[in-house]
Amino acid sequence: MRLFRTLAATTVAFSAALLGGSQALAVEAAPQASAPAAVAAPGADYTGIAALSNCSGSLVRYAESLATDPALILTNGHCYEGGMPSPGQVIVNRSSSRSFTLLRPSSSNAGTVRANRVLYATMTKTDVSLYRLTESYAAIKNRLNVTPLTLAKQAPAAGAGMAVVSGYWKRIYTCSVQSTIPELREAGWVMKSSIKYRQPGCQTIGGTSGSPIVSTSTGEVIGVNNTGNEDGGRCTMNNPCEVDAAGNITVDQGAAYGQQTWWLYTCLTATRTLDLNKSGCQLARPAIR
């Protein structure tokens, strides 16, 4: 999991972030006075990006969301403030008072927002936490001048350009989608249809967990960054393994992965709430007791 873990990891990762800073600085440079204002390409700035205490995240909306709807924050299930959900555990509609720092496109801090609910959190099938905030999109835009990213309605195709935008490190990684992995196993967790990144370019590190995977063609969120194989281990913590349709296991040291987010739409109601009992809903449900 790409969770921030130790001081030593922080030192190494911070050095790496500094070395990689030229990319972010390049897109933030002021245009020449005689030239029209430059428009950043999708995924090239920090629009809609959030920083958590231990992870990254993003301010997101559905394609159908209204400006008056309560705003949403997307991050990983393993970034949930109550600890990593156990395999098979699904958290639904639980009270929360977690705060998030929203960033400006330039990466400077815009201000803080607060959640009142965890609408959904799990590490089963995917690795997602979705928080409901105390303010609407319109209120956040008015107060902080921050706009959300839109969740894509479909899975990304192999070869699609993508950016992993980390609010924790204020660093942008760019590459493309290599493939969709039928099953990814890490310790006791199993994730389905995981997005594998084509390297080099997206060698994500601890603290990038929960970063949105942004399409560099549409600007939509096509997934959420969550893990990578660090040491070449086989299906262990921080060393996920790939399982193909025939059940064959492959280990790819250095590989990095994200998880599907379009499944949220399969459970979405006409009032833009999640109904896990909706016909066709592909998100994991809480176990029946």
Taking C-beta and beyond as the side chain, do [X] and [Y] meet within less than 4.5 Å on heavy atoms?
X	Y	answer
I73	L59	yes
V190	V243	no
S211	T204	no
N225	Y173	no
Q154	E220	yes
I49	L149	yes
V60	P212	no
W262	Q282	yes

Atom [atom1] in [X], atom [atom2] in [Y]: separation rounded to 0.5 Å?
X	Y	atom1	atom2	value
S58	L102	OG	CG	10.0 Å
M1	T208	CE	OG1	12.5 Å
Q178	K196	CD	NZ	4.5 Å
S86	W189	OG	CH2	7.5 Å
L274	R132	CG	CZ	11.5 Å
N145	I140	CG	CD1	12.0 Å

Quiz item: Under the salt bridge (Lys or Arg N to Asp or Glu O under 4.0 Å) rule, what pairs show up with a residue in residues 92-119, not counting sequence neighbours?
Solution: E81-R98

Self-check item: CA sep, side-chain torsions, deciding dist, call: D127, H78, side chain to side chain donor-acceptor pair (under 3.5 Å)
Solution: CA-CA 7 Å; D127 184 2; H78 76 259; 2.7 Å; yes

Quiz prompt | Aromatic contact, Y131 with F100 (centres under 6.0 Å) | solution = yes

Quiz item: Does the side-chain contact (heavy atoms from CB on, under 4.5 Å) test come out yes or no for T261 and T126, once each step is laid out?
Solution: CA-CA 8 Å; T261 50; T126 185; 5.8 Å; no

Quiz prompt | Summary of disulfide (SG to SG under 2.5 Å) pairs that have at least one residue in residues 110-167, sequence neighbours excluded | solution =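 Checked against disulfide (SG to SG under 2.5 Å) - neighbours excluded - no pair reaches residues 110-167.
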
